[in-house]
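In what follows, chains are A, B, ... by sequence order, proteins preceding strands, each numbered from 1.
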Amino acid sequence: MKFQAVRGFKDWLPEDFFKYHHLMEIARNYLIRANFKEVKIPLLEKTELFMRTIGEVTDIVQKETYTFQDRNQDFLTLRPEATAGICRMILEHGLHVKPKPLKFFFIGPMFRHERPQKGRLREFYQIDVEFLGNLTPYYEVELLQIALEILKKPSNREDLFTLEINSLGCRECRPAFRDYLQVSLESERESLCDTCKDRLYRNPLRVLDCKQEGCKEVVKRLKPISDFWCGSCRGHFNILTGLLRALDRDFVFNPFLVRGLDYYVRTIFEIKGKGLGAQDTVCAGGRYDYLLKDLGGPDLPATGFAIGLERWALSLWGEECPEFLRKKLRPDLLFIPLGEEAKKEGLKVVSELRNQGLRVESLFEDKGLKALLREADKLGAKQVLILGEEELKEGVILIKDMQEGTQQRIKMDKLIGRLKKEQRVEDLSC
RNA sequence: GAGGCCGUAGCUCAAUGGUAGAGCACCGGGCUGUGGCCCCGGGUGUUGCGGGUUCGAGCCCCGUCGGCCUCCCCA
């Protein structure tokens, strides 16, 4: 084969499409019910936007973006996440003056140049949800509930997902923790891995997230970030977790949870899926209270999360396409004409049936009825319409139920009424 | 970006360094007015690609591309 898809980029075959579309629709419907508004942002932004928001020294910006110069020599970057673009959109269109809270969601592909493995692609879809406004813990818990409800909806199983939560503190209290980290890590510098030695100066919080044994040992002896929370952050977090408990929502307080994007402050969280291997974060998010202001906008607290579509599907069904979705690949009706006249008439019939909302496949083949029925069987058609010379003459058509094996002849002009009554054409989209 | 394992037909997988195979799928026929079953026939292939070693390479070596796993990072 001469050409193959670019590494880490995947085709969606029909089974995949049904799978992903099904999940996107579940998320979309749920978010609309919570009165979030769907938006679309461009695939590309000026590179500068991502450097300013995600952070210049983050891994994402330093080594994972698809960045290039266009014909005007402008530096452009394929979006590695959606929050930056949404904030830009809000400010560019002055949406921040509209009544609060602002609630948006966006579904689309993101791009990161990482080494592909299970659950990690270079082009992957995110369901991105953003909430901007006067952020009380109630709103935050509401948002967490939305994430959890969406994730469990397709399977109705909550046990597939676990919520981990932490607070990074605000701009008042985080510097103290950062200083403490730097000082105490400095004294144990020799036990740290090379990347962490580097992180010590550039982004010490990330050492907390390191998986190297040596670093983990050091981290274990540190005081948790919660010791440094200011009164306001502490109070906020306690109310939030209290609400979760009152709602019987399971969660794990993980004081070592950090995020890879610099704009996060205060509450952050990850939802991990089962059976996913190393890449098990299905959903992640948190607050970015200062982001809008840093971009020259108003002081507007905000929070959001993103669900990784492919990972979500993996956690639910593995690589498989579940039977209930596979079924939807099959046509309800298959039209089989016999002879040239029947084919001509058939063009009218199938068109009319489709206009009435029925899902119809046609087989304009020069084969015998036996062969055509065999095709019908392979296609999994529920019912077959047979139109031959005899039927044409009499103005009738045959309806054969493939499962029952029964067959009826019916007047052409009564066909549509009859089918509409019988067939409950549900959601044809997916 | 680093390390390990892997790459044979559309799919799942065989083949001691000695003529590339099986099952499923697919195509044609038995079968031009009634499917599922059955029977017959067909291998559909640049063994990922490019070099090298060898009388001879799917097998050994090097490179490369791709996949999986781990690190890293995150959705």
Side-chain angles (χ1 to χ4, degrees), chain A residues 1-10 13 54 58-65 79-83 107-129 147 151 193-196 198-199 203 206 209-213 215 257-261 270-273 276-285 304-315 319 334 336-339 342 363 365-384 386-391 398-407 409:
Chain A
M1 191 68 71
K2 190 163 178 185
F3 291 109
Q4 32 188 329
V6 172
R7 183 170 208 193
F9 288 64
K10 285 264 189 292
L13 300 182
I54 297 169
T58 56
D59 292 292
I60 290 181
V61 164
Q62 281 192 334
K63 46 192 197 200
E64 293 174 10
T65 51
R79 57 175 183 234
E81 56 99 49
T83 305
I107 303 177
M110 307 296 158
F111 303 85
R112 291 184 200 172
H113 192 112
E114 298 181 88
R115 189 127 173 189
Q117 68 186 71
K118 186 179 194 149
R120 187 166 74 187
L121 298 165
R122 289 182 174 182
E123 180 199 36
F124 60 98
Y125 275 67
Q126 280 191 347
I127 297 158
D128 183 82
V129 180
L151 288 176
C193 69
D194 289 347
T195 26
C196 282
D198 198 40
R199 282 171 175 153
N203 202 347
R206 292 219 52 81
D209 204 30
C210 188
K211 271 84 176 181
Q212 302 287 334
E213 277 311 313
C215 304
L257 186 65
V258 216
R259 313 293 351 272
L261 296 83
E270 287 191 13
I271 300 173
K272 298 193 170 168
L276 280 176
Q279 311 304 319
D280 61 352
T281 302
V282 172
C283 172
F305 65 83
I307 293 171
L309 182 65
E310 293 88 346
R311 284 188 191 174
W312 186 18
L314 271 177
S315 70
E319 303 282 353
L334 177 65
I336 293 180
L338 300 169
L363 275 181
E365 306 279 335
D366 288 319
K367 290 181 183 169
L369 183 57
K370 200 178 191 69
L372 290 167
L373 282 171
R374 214 176 349 237
E375 306 281 328
D377 196 56
K378 280 182 196 167
L379 285 167
K382 290 165 197 144
Q383 290 188 305
V384 173
I386 303 168
L387 185 63
E389 307 292 330
E390 297 166 26
E391 289 77 21
L398 303 178
I399 305 181
K400 184 179 174 79
D401 185 302
M402 292 299 278
Q403 203 146 27
E404 305 295 322
T406 54
Q407 182 172 297
R409 38 177 42 215

Visitor: Looking at every strand, decide which applies to Lys400(A) at a 4.0 Å heavy-atom threshold: base, sugar-phosphate, or nothing.
Guide: base

Visitor: Does the aromatic ring of Trp312(A) sit over the six-membered base ring of A75(B), closer than 5.5 Å centre to centre and tilted less than 30°?
Guide: no

Visitor: Does the U34(B) base have a donor-acceptor partner in the side chain of Lys370(A) within less than 3.5 Å?
Guide: no

Visitor: Below the 4.0 Å mark, does G36(B) have OP1 or OP2 next to a side-chain nitrogen or oxygen of Arg374(A)?
Guide: yes

Visitor: OP1 or OP2 of C74(B) versus the side-chain N and O atoms of Arg259(A): is any pair under 4.0 Å?
Guide: no

Visitor: Would you indicate which nucleotide in G4(B), G66(B), A75(B) comes nearest to any side-chain atom of Ala306(A)?
Guide: A75(B)

Visitor: The test is side chain to side chain contact (heavy atoms under 4.5 Å, CB included); show your working for Glu391(A) and Leu398(A) and say whether it passes.
Guide: CA-CA 8 Å; Glu391(A) 289 77 21; Leu398(A) 303 178; 3.4 Å; yes

Visitor: Under 4.0 Å, heavy atoms only, any strand: does Glu365(A) hit a base, just the sugar-phosphate, or nothing?
Guide: nothing

Visitor: What are the two closest heavy atoms between Ile271(A) and Ala147(A), and how far apart are they?
Guide: CD1-CB, 4.0 Å

Visitor: Does Glu375(A) reach a base, just sugar-phosphate, or nothing at all? Heavy atoms under 4.0 Å.
Guide: nothing

Visitor: Between the base of G35(B) and the side chain of Gln407(A), is there a donor-acceptor distance below 3.5 Å?
Guide: no

Visitor: Can you say whether a donor on the side chain of Arg120(A) sits under 3.5 Å from an acceptor on the base of C69(B), or the other way round?
Guide: no

